[in-house]
Amino acid sequence: MNTNGYKDEHARTIIHIDLDCFYAQVETLKRSELKNVPLGIQQKNIVVTSNYIAREFGIRKCMLLTEAMQLCPNLVLVNGEDLNDYRTMSYKVTALLQKYSEVVERLGLDENFVDVTKLVEEKLRSMNSSLGDQIQSVTNVFGSNEGYCQCGCEVRLKVGSLIAEEMRRLIYTQLGLTSCAGIAHNKLLAKIVCSKHKPNQQSMIYPDNALELMLSLNNVESIPGIGKATADLLQNIGIRTIEDLQNAELIELKKLFDIDKAKFLQNLSYGIDNSQVKKSGKPSSIGLEDSCRLICAEKEVKEKLRELLKRLLLLVEADGRLPRTIKLTVRKFDKLTKMSRRETKQSNINSHFFTSGCVAEMNPNNIEKILMILMNMFRKLVKVHKPFHITLLGISFVKFNERPSYRNSIASFLRKDLEVQSIINIENLISNESSPESRNQSPSSCRESSDPESEPTPKRSKLAIFKRNRNFFEYDTCESPSKLRVQDLQLTSEKRENIQNIKCPPSVDESVFQELPLNVQQEIWSDYAKSEIDSASCANKPKKMKTGNSILNYLVQK
Ligand code: DGT
Ligand code: MG
């Protein structure tokens, strides 16, 4: 199909995942007694969602509480105003999906688009091509056309459906959540078809059924990507249904939108969507706030902040990054004007406070230091020597450093070698040996934290000095250890050949040398070999090994 100059390509395979009655499922995981009752999630006087048992009574999203209770007097209500558990679960789901593709785009808290084009190609390459026709999946297929297309999209979408099945199974087994999936060659169709069979099902659409799917929508506002404002504008020029938009003259649309948007909207009505799945990053801020009854004393403020901070640190722990800016939010209530006003202040914070990676192991002094920073900010926002009334307090972290990555460093080899045994041990090993914090520790605190039985040997300290001088810590994007595969440990034949030539230089302690990773051994050996060649070329000069600033320098026995 060719509309407005855009060719509708079928080359991609996109999966859209939408969790079933998300908030209700999260609450049910916390309290299993909610599993078989009609459950509504309440925010203020609205039921924002409900489980599927409640939906059988006619409860719909965002229904007024009073109306919902009339329809289902036994409706069990749970307050869903604190979004933290939903947010945490939401990121866990995204993390699982990222195992299948780097290209995962989050949409709200419970939806993700995953571009699995590459994975589908890989799977097809590893399969006998004739097997493609036999692929069976539990997928509902939308539309009346057979789906035959010469470009091969039919088999790609079938493989995509198998991947979607596996994704949903993983989300269920790992996190206990059921979900729906839509499989299509673009985001628009994947999202729309996903909602065709609910809950806990998946649906696929072949390209030649795109028009049928679009025409199944009630009006232009049902098209994902067309919001209320755009729909209102379209309605002003008489465009209400999908067909109206398909048949609209571009010249008319151009009166309301720029040419690109006009074409984009019209293409949507035909099921054409060339937009890419955009890789979502981590959230730009992690925060918590609590509204409270009037707080009028500094001591109360500090206690409230302490409580918030403890909860927030758990979220930071789950996120994994190291915060470097903290923000305080206060809502002040003016008793005279009866008006409330939110104000915020932010301050830099030492990322090293968080390097333990685990709230339980966090130094209590650091928590006190953070509280001190918060209270200083509070005093800048609120004149504490005069009466004040606070009705909301919030803390958030807004800028982050990634946790140190060990790629391309000596540690990466230690980490990979040991990873096969235990990931947790490696994390400990690396953070104990070389975190910036431990480097600054006094000798006495070092002793406290290490095993008193094991005195560090001179050999070890040489290794430690080496690691420190080689800039052991690099701040860049952190690769999860789970992503490192055993294959990464395997050596190419070329490397293996080089390795056979590596020997321990005569001046180096063999036992230390053997402890080192292969690439470091290689570097030491080539430094030594080079120094030998240099010496040979100055045969008249006294023979002295030139090690300069090389690794060898740290290891030669003096
Ligand atoms: P589903 O997907 O139909 O099985 O049901 P949900 O509950 O997953 O609904 P969905 O996917 O539209 O939204 C995900 C969550 O977002 C939902 O559990 C509650 C929340 N939510 C949805 N719509 C609204 C809304 O209009 N206002 C508020 N405050 N929350 C909403
Ligand atoms: Mg949902």
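Predicted model, so just to flag it, every value in this text is computed and none were measured. We count ligands from 1, going down the list as the structure has it; atoms in each ligand are counted the same way.
- Atoms of ligand 1 lying under 4.0 Å from at least one heavy atom of D20, given by number and element, are 4 (O), 8 (O).
- Less than 4.0 angstrom separates some heavy atom of Q43 from each of these atoms of ligand 1: 28 (C), 29 (N).
- Every N/O-N/O distance between C62 and ligand 1 stays at or above 3.5 Å.
- Salt bridge absent: K345 and E343 never bring a charged side-chain N and a carboxylate O closer than 4.0 Å.
- Within D18, OD1 is the N, O or S atom that lies nearest to the Mg ion (ligand 2).
- Note on D82 versus R311: salt bridge recorded, some NZ/NE/NH1/NH2 to OD/OE distance being below 4.0 Å.
- By the 4.0 Å heavy-atom criterion, Y52 is counted among the residues contacting ligand 1.
- Using a cut-off of 4.0 Å between Lys/Arg side-chain N and Asp/Glu carboxylate O, K187 and E105 are scored as salt-bridged.
- Between the side chain of Q202 and the backbone N or O of E165 there is at least one donor-acceptor pair closer than 3.5 Å.
- For ligand 1, the polar-atom distance check finds an N/O of D110 within less than 3.5 Å of one of the ligand's N/O atoms.
- For L109, the closest heavy-atom approach to ligand 1 does not fall below 4.0 Å.
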Quiz item: So E166 and R169, salt bridge (charged side-chain N to carboxylate O under 4.0 Å, His left out) or not? Walk me through it.
Solution: CA-CA 5 Å; E166 200 185 304; R169 200 177 314 121; 5.7 Å; no
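- Annotation: side chain of Q70 is not in contact with side chain of F57 (no heavy-atom distance under 4.5 Å).
- The pair K118-E102 does not meet the salt-bridge criterion, since no charged nitrogen lies less than 4.0 angstrom from a carboxylate oxygen.
- Geometrically, ligand 1 and C21 share a nitrogen or oxygen pair separated by less than 3.5 Å.
- Atoms of ligand 1 lying under 4.0 Å from at least one heavy atom of F22, given by number and element, are 6 (P), 7 (O), 8 (O), 18 (O).
- Counting protein heavy atoms only, atom 12 (O) of ligand 1 is closest to K61 NZ, 3.0 Å.
- Look at E122 and R125 and you find no salt bridge, because none of the NZ, NE, NH1 or NH2 atoms lies under 4.0 Å from a carboxylate O.
- Close N/O approach between V48 and ligand 1 is not found [any backbone or side-chain N/O within under 3.5 Å].
- Residue-level proximity to ligand 1 for I41 is absent, since no heavy atom of it falls below 4.0 angstrom.
- Salt bridge K304/E307: present, at least one basic N to carboxylate O contact under 4.0 Å.
- The minimum heavy-atom distance linking K282 with Y91 is given by the pair C-OH, 4.5 Å.
- Nearest to atom 7 (O) of ligand 1 among the protein's heavy atoms is T49 OG1, 2.5 Å.
- Nearest protein heavy-atom contact of atom 3 (O) of ligand 1 is K198 NZ, 2.7 Å.
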Self-check item: Working for salt bridge (charged side-chain N to carboxylate O under 4.0 Å, His left out), residues K191 and E111
Solution: CA-CA 9 Å; K191 181 166 163 65; E111 294 178 46; 2.7 Å; yes
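- Around the Mg ion (ligand 2), the two atoms OD2 of D110 and O of L19 are separated by an angle of 90°, to 10 degrees.
- For atom 15 (C) of ligand 1, the nearest non-hydrogen atom of the protein is Y23 CE1, 3.7 Å.
- Under 4.0 angstrom from ligand 1, the non-hydrogen atoms of R55 all belong to its side chain.
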